Structure formats: C-alpha cells, structure tokens
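Remember, it's 1-based here, ligands and their atoms both numbered in the order they're listed. For clarity, every value in this text was computed on a predicted model and none was experimentally measured.
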Amino acid sequence: MESKKKRIFSGIQPSGELTLGSYMGAIKNWVALQDEYECVYCIVDMHAITVRQVPADLRRRALGQLAQYVACGLDPEKSILFIQSHVPQHAELSWVLSCCTQFGELSRMTQFKQKSQQHADNITAGLFTYPVLMAADILLYQTDLVPVGEDQRQHVELCRDIAQRFNGVYSDTFTLPEPFIQRVDQGARIMSLGNPMNKMSKSDPDGCVNLMDPPEVIQRKFKRAVTDSETAVRYDKESKPGVSNLLTIYCAAAGKTLEEAEAEFQGQGYGVFKPAVGDAVIELFRPIREEAQRLMADKAYLEGLYRQGAERASRIAGRTLAKVYKKVGFLPR
Ligand code: TRP
C-alpha cells in the first residue's frame, strides 16, 4: 500500500562544500521532517553545471555531500537520498516542461538576473532554463512541500504555475507543490562572517564555515569574524549585524536562548565571545565530520547507497514521466 504521508522534495547543489548555513538553514530541518513526511533529498549535480565546474571536484563533492547528508542524520532507510544525474527522468521531464514554460517567465527570475551578471562571460541556456529543471525535480515525485530558503521561493512558484498549466491543458497529472519556507527561528538564516549583510554562501570562502572544516580552521574563521567597534555582546540586527549573526550561530549550536547567551557574555568582550562561538560550532560539527570521514573511507557502502536511492527515486519518477509522455501524445515504445 502506498503511504499517505505528504511528500517532501529538496536538494542542494554540489557546487561547493556544505556550510554552516546549509546545515542550519536546510539539512537540520530536513532531518526533523523525516518521520512526519515521505522525504526525497537530492544532490543536484545537474544544476551545478549551469556554471562551470571542475569535473574531478564535482565528482568528489557529490560523493562527499552524500556522506555528509548521512552523517548529519538523513537516514537512507527513511528517506530517499540520491544523485540527480542518476535518474534520467529529470532531464526528460525537463524538456517537456520547457515546452510549457514561457521565455518571459524565465526572464523574470531574479536569480537568473543575478547569476547572469556574476557569470557574464558564460550565460548559457542551461542557466536560463535552470528553473525548469528544478520544476521537473519537484513534479516527478508528486511533491506536496518543498523546503527551501526565501531565495528559492520564486522558483517553486514558477514550478507551481507550470504544473497548473500542464494540468489544465492535459488533465490532472501533477500534484501542485507548495514552498515550505522554514520558520525564521534561531539559525534559520546564517549570514557571512566577513560581510554579515549577506547570506553565508559557499561562493564566499572567507565568510563561510564548512561542515568538514577542521577545528583549527573553524576557530580561525570565527576569530576573524567581523563585529563592530563596541564591546557589548548584544543582539541588534540593525546596528550590530555581525555580533547578532554570531549570537544566532551560538544559540543554534549550543542550544541556548538569546537571553541565556547575552547573560553568559555580559561584561565580556568579543575576545572571549568569538572563540566561544567557534568552540560551540566545533563541538556541533565534530561528530558529523568524524562520521562523514568514516563513511568516505567506505566507498563501496556509499556507492550502494546512491544506487539504491536512484532505484527508488527512478521508480516514482518513471511513473510520472510515463503519464506525461502519454498525455502529450508520444507514441508508446
Ligand atoms: N535551486 C536550488 C538551490 O540552488 C537547488 C534545487 C534544485 C532544489 N532542485 C531543487 C531545491 C528542487 C528544492 C527543490 O538552492
């Protein structure tokens, strides 16, 4: 019997290392959703090549990301964990959906506008049609909810529009997904350590802390974190963005409330505060890093995992794609 749980789909690109931001903003929440929902979590390597990648690095990071997913607590028994390029239906559905998507809709995507400025020498068709591939990811699994950050909301909404249009033209085929934006609670939005006005991003190596960074590297990054010219450890997002971000990180890592943290560092300067935040993150990541390293040493196990994940994913994706091919009028094989 098919389970009646609602289905969740999400993914992260292996375009860089997983960061403190990806952990607190996404993976930690994904772990918590596993019992209540039927979860499908993807490593979206096909999305990563919308900008240029070094092939060997991409391969290494995709495998590393799988090990880190598992080490963070994503359970391959409960959830489907797989690599996007292993399930051919993503590319196949993407083509059909691209024929149901307007050029104008894609032109309005703010992430495309940003990324095409950042990569002005390499604005590919793939960068432009990326939201269509993302729609295929989501719709193949008849997804109900898509946990993403605010920056991906527009893409999920486009996905919904495409699904609605397809259903209208060809009859009901796709579940209409909804963005599932994480509660803006402690740790949901981690900012760059170097520039606390920007979100922590893997493309900003100085401002980000990676899940796999060794303790001394984590500590060095926190000691260098930008603060302000005062001395008080106090939460004030407007006038003290750096300190506020560090407090958010500290609370999430150490499991404390803002009041507790402010009281703890009352009368102490940043020279005490910053290393304490570093230590909290080091302790949070230590077991994850050790487990991921252990898994990385067992390549056969990881290969077995991703093969099994792709098989399970492909079974669901294949059902959806077969319906789609029939509805649009492709002759059966
Ligand atoms: N575009 C997302 C990002 O860059 C990653 C992604 C690809 C995704 N496909 C997805 C997220 C499907 C949720 C659902 O963050």
Side-chain angles (χ1 to χ4, degrees), residues 6-19 21-27 29-30 33 37-51 53 58 61-62 65-66 69 74 79-87 89-94 97-98 101 106 109-116 118-119 124 126-163 174-182 188-190 198-204 208 309 313 316-317 320:
K6 284 194 173 178
R7 191 171 283 145
I8 280 195
F9 184 99
S10 199
I12 298 178
Q13 301 187 38
S15 53
E17 300 300 318
L18 291 179
T19 68
S22 4
Y23 180 75
M24 303 249 182
I27 300 171
N29 296 297
W30 294 3
L33 297 168
Y37 297 94
E38 193 176 303
C39 299
V40 184
Y41 296 128
C42 189
I43 293 165
V44 287
D45 55 350
M46 290 165 71
H47 277 88
I49 63 162
T50 52
V51 301
Q53 301 291 334
L58 183 62
R61 284 195 305 251
Q65 194 167 312
L66 178 67
Y69 274 7
L74 295 181
S79 303
I80 298 180
L81 310 180
F82 76 105
I83 296 170
Q84 188 183 28
S85 62
H86 292 175
V87 177
Q89 288 89 354
H90 290 252
E92 293 172 301
L93 181 61
S94 183
L97 296 181
S98 73
T101 308
L106 293 175
M109 294 292 117
T110 46
Q111 195 178 57
F112 172 71
K113 292 187 213 164
Q114 280 167 2
K115 286 209 178 177
S116 54
Q118 280 165 17
H119 304 274
T124 65
L127 190 65
F128 187 65
T129 59
Y130 163 123
V132 180
L133 179 59
M134 178 163 163
D137 299 342
I138 296 167
L139 298 179
L140 275 175
Y141 300 93
Q142 306 294 348
T143 302
D144 298 290
L145 297 168
V146 187
V148 282
E150 192 54 47
D151 62 324
Q152 295 295 317
R153 182 195 286 277
Q154 199 184 27
H155 292 158
V156 179
E157 259 146 28
L158 175 65
C159 169
R160 201 180 152 88
D161 291 344
I162 296 171
F174 297 123
T175 302
L176 297 186
E178 275 176 48
F180 190 39
I181 308 288
Q182 260 99 50
R189 198 171 156 78
I190 304 297
N198 292 342
K199 185 173 149 181
M200 183 178 283
S201 156
K202 51 195 163 198
S203 55
D204 161 27
C208 83
I316 304 171
T320 302

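At least one donor-acceptor pair under 3.5 Å links the side chain of Asp45 to the backbone N or O of Ser85.
Contact atoms of ligand 1 toward Phe9: 12 (C), 14 (C) (distance under 4.0 Å to a heavy atom of the residue). In summary, the atoms of ligand 1 found under 4.0 Å from a heavy atom of Val146, numbered by their order in the structure, are 13 (C), 14 (C). Contact atoms of ligand 1 toward Ile138: 12 (C), 14 (C) (distance under 4.0 Å to a heavy atom of the residue). Distances below 4.0 Å separate heavy atoms of Val44 from the following atoms of ligand 1: 7 (C), 9 (N). Heavy-atom contacts of Gln13 reach the following atoms of ligand 1: 4 (O) (cutoff under 4.0 Å). Close contacts between ligand 1 and Val148 involve ligand atoms 11 (C), 13 (C) [criterion: under 4.0 Å to a heavy atom].
Shown here for Met200 and Gly21, the closest heavy-atom pair between the two residues is SD-N, 3.5 Å. Contact record, Leu145 with Thr143: O-CG2, 3.2 Å, taken as the closest heavy-atom pair.
Not a single heavy atom of His155 sits closer than 4.0 Å to an atom of ligand 1.
Of the candidates Pro179, Ala136, Cys159, Gly11, the one placing a heavy atom closest to atom 8 (C) of ligand 1 is Gly11.
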For Phe112 and Tyr130, run ring-ring contact (aromatic ring centres under 6.0 Å, His included): C-alpha distance rounded to whole Å, both residues' side-chain angles, the deciding distance at 0.1 Å, then the answer.
CA-CA 9 Å; Phe112 172 71; Tyr130 163 123; 9.7 Å; no
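Looking at Ser22 and Thr19, their side chains do bring a donor and an acceptor atom within 3.5 Å of each other.
Considering backbone and side-chain N/O of Asp137, one or more are found under 3.5 Å from N/O of ligand 1. Residue Tyr130 places at least one N or O, backbone or side chain, under 3.5 Å from an N or O of ligand 1.
Ring geometry for Phe9 versus Phe82: interplanar angle over 60°, hence perpendicular rather than tilted (30 to 60°).
Residues Ile12 and Ile43 fail the side-chain proximity criterion, which asks for heavy atoms closer than 4.5 Å.
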